[in-house]
**Student:** 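Got a structure for you, written out below as structure tokens; questions coming shortly.
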Amino acid sequence: MRKKAENCTIVIFGANSDLASRKLFPALLELAKRGHLPDNYLIAAVGRAGLSSEEFRSIVTGKLVNSSPAIAHDQFLPVFLERLRYLQADLLVPGDYQGLRRQLEDVSAAGSCGSNILFYLSIPPGIALQVVRNLGSAGLGGRQARCGGWRKIIAEKPYGTDLESARELNRVIGEVFSEDQVFRIDHYLGKETVQNILVFRFSNGIFEPIWNRHFIANVSITISEDFGIRERGAFYEETGLLRDIFQNHALQLLAAVAMEPPVDLAADSVRDEKAKLLRSIRPFSGDEVPLPVVIGQYEGYRSEKNVAPGSTVETFAAVRLFVDSWRWKGVPFYIRAGKNLSQTMTEIVVTFSCPPQNYFGPAESCSYTANQVVFRIQPEETIAIRFGAKRPGEELVTDPVFMKFDYQTSFSEKGLTPYHRLLLDALEGDQMNFIRQDSVEYSWAIVDSLKAMLKERVPEPYAVHSHGPDSVQELYG
Ligand code: BG6
């Protein structure tokens, strides 16, 4: 049973963002409905539009209903809306933050002094630095909280745009908040199936002994979506897929599947191991021919709203990388992620080496039945183990078959959505599923080396709803 979070104000910067509309507000409503928010809470959106709280509530209502029409008839909705406030401030004008502080003191759930505030940055990485500086100058930072009140900050991905900007953001955030007040969010870490990777690996005795280079032939991670960039042209033009999905979601999945067992389950013990794993990824050097990466752009991307007609931003990437550790040396890890592919699906496939003798067919047929552990992260939430079985009939030939665990059929409880869970964790101060300063920097170092290797390489076009550029197959050898 979780303990109830303390009374607080949740202050959202970027309440108009796509993320806030599609994920954050629905998660907050759900948290409130399930009684997971404190008794006395407020949700304050900060913007320069000069809206009244009433106007803001009707905008939020529109967005909530858009995401799920049934919400329009939800009797709890008015109760939730009552807790919303709109505070006016231009995020980039330092002087406005004094006014923001006063407004916060006025509306604060726990009175002007000693109030608890959770800041949520759902803003482009380019302005995060300035916003944090402004919070610090106005005395709103975590190191400046008075009278026993706490301050925390959730920072959305992408956290920075490269190693240098992430370091600078870490440095500035470190001046204003202490690390235990900083929650760098990657919603993949809030997914039930992602959290279960750790449980699968470390609560069972039979997998860990063979979870290494002696038994595993390769690991492949796929994050594919059958839709494009939606309304996020401007964001994608700045970000591209490597920064949007590879630097965070994909590398976090890799860390979960490949990390060493932690000393215990304290947040930092788990994060120590993830950091160590990310640090062991071999940087890309450009020595390999052909390059171990293919980038692509779906046909029609350049006609999307707010996209430059000659854009060379990637919407697809497939990468082969290596983890230079005692456990993984020499095992290829393949990561493939893209927009507008043939299906929406996130999956990790761990493929084991073939048996030394293949009695049941030609040697090269082994891959047909090679043992695999398949973590289907979404949309299905399953883990399957593949092995060879005798095909019925006179001949002694094998076919691949699967033993499958499915969350839907094995458990009756319904899990929380990632944002719901992670907001709760942040309110309670649990950092296990948030990214630590060192990890974020190690991840950027990899992406930077990848980008440097790609130089000015132009992405290959691929057809909408295909498997990506044709040359991807070469990567798998
Ligand atoms: C977001 C990315 O972080 O994750 C999006 O910005 C992507 O581009 C989304 O579509 C995928 O999340 P999920 O949980 O829907 O798989």
Side-chain angles (χ1 to χ4, degrees), residues 14 16-27 30 67-68 120-126 128 154-161 183-197 221-254 256 295-298 301 304-307 311 313-317 335-348 375-382 407 415-423 433-435 440 443-444 447 459 464-465 468:
N16 262 334
S17 60
D18 173 75
L19 175 102
S21 316
R22 286 192 308 111
K23 306 279 186 186
L24 210 47
F25 283 109
E30 193 56 29
S67 76
S68 163
Y120 198 114
L121 303 190
S122 172
I123 52 181
I154 300 183
E156 260 298 338
K157 55 151 281 272
Y159 185 88
T161 51
F183 296 78
R184 296 174 194 80
I185 194 167
D186 176 334
H187 76 281
Y188 259 58
L189 298 186
K191 290 182 191 279
E192 206 73 67
T193 41
V194 174
Q195 298 189 350
N196 191 43
I197 296 172
I221 297 175
T222 304
I223 302 179
S224 98
E225 295 175 324
D226 67 359
F227 49 88
I229 53 163
R230 294 187 158 137
E231 296 296 304
R232 301 196 303 161
F235 169 78
Y236 239 76
E237 282 291 274
E238 258 187 54
T239 312
L241 184 119
L242 287 172
R243 292 189 180 114
D244 181 36
I245 287 180
F246 180 87
Q247 186 270 344
N248 32 71
H249 304 332
L251 290 183
Q252 285 301 318
L253 290 181
L254 172 58
I295 51 170
Q297 185 186 79
Y298 63 81
Y301 171 76
E304 300 272 23
K305 198 168 138 206
N306 294 327
V307 167
S311 172
V313 164
E314 78 285 349
T315 59
F316 173 96
I335 298 180
R336 194 176 70 99
K339 301 273 178 195
N340 252 337
L341 296 177
S342 58
Q343 67 177 131
T344 295
M345 175 273 275
T346 302
E347 180 178 88
I348 305 174
F375 299 91
R376 185 53 80 95
I377 307 296
Q378 58 189 27
E380 303 87 13
E381 300 182 317
T382 57
Y407 261 98
L416 305 178
T417 67
Y419 277 94
H420 186 146
R421 174 186 304 276
L422 293 174
L423 277 162
N433 290 308
F434 292 87
I435 302 176
V440 91
S443 305
W444 276 122
V447 173
V464 167
H465 295 156

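Whatever order the structure lists them in is the order used to number ligands and atoms, beginning at 1.
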**Student:** How about Q378 and T193: does a side-chain donor come under 3.5 Å of a side-chain acceptor?
**Tutor:** no
**Student:** State, with a plain yes or no, whether a side-chain heavy atom of D18 is found less than 4.5 Å away from one of F235.
**Tutor:** no
**Student:** Would you say I185 and Y419 make side-chain contact, with heavy atoms under 4.5 Å?
**Tutor:** yes
**Student:** Is the closest side-chain heavy-atom distance between Y120 and L423 below 4.5 Å?
**Tutor:** yes
**Student:** With side chains defined as the heavy atoms from C-beta onward, is the minimum distance between L19 and E156 less than 4.5 Å?
**Tutor:** yes
**Student:** Does this structure show an ion pair linking K305 with E231, if we count only N-O contacts that are shorter than 4.0 Å?
**Tutor:** yes
**Student:** Please tabulate protein-ligand N/O pairs under 3.5 Å for ligand 1, atom names and distances to 0.1 Å.
**Tutor:**
residue  : atom   : partner : partner atom : Å
ligand 1 : 3 (O)  : K157    : NZ           : 2.7
ligand 1 : 3 (O)  : H249    : NE2          : 2.7
ligand 1 : 4 (O)  : H249    : NE2          : 3.2
ligand 1 : 6 (O)  : K157    : NZ           : 3.1
ligand 1 : 6 (O)  : R232    : NH1          : 3.2
ligand 1 : 6 (O)  : R232    : NH2          : 3.2
ligand 1 : 6 (O)  : D244    : OD1          : 2.5
ligand 1 : 6 (O)  : D244    : OD2          : 3.4
ligand 1 : 8 (O)  : R232    : NH2          : 2.5
ligand 1 : 8 (O)  : D244    : OD2          : 2.6
ligand 1 : 8 (O)  : K339    : NZ           : 2.6
ligand 1 : 10 (O) : E225    : OE1          : 3.3
ligand 1 : 10 (O) : E225    : OE2          : 2.5
ligand 1 : 10 (O) : K339    : NZ           : 3.1
ligand 1 : 12 (O) : H187    : NE2          : 3.0
ligand 1 : 14 (O) : H187    : NE2          : 2.7
ligand 1 : 14 (O) : K191    : NZ           : 2.6
ligand 1 : 16 (O) : Y188    : OH           : 3.4
ligand 1 : 16 (O) : Q378    : NE2          : 2.6

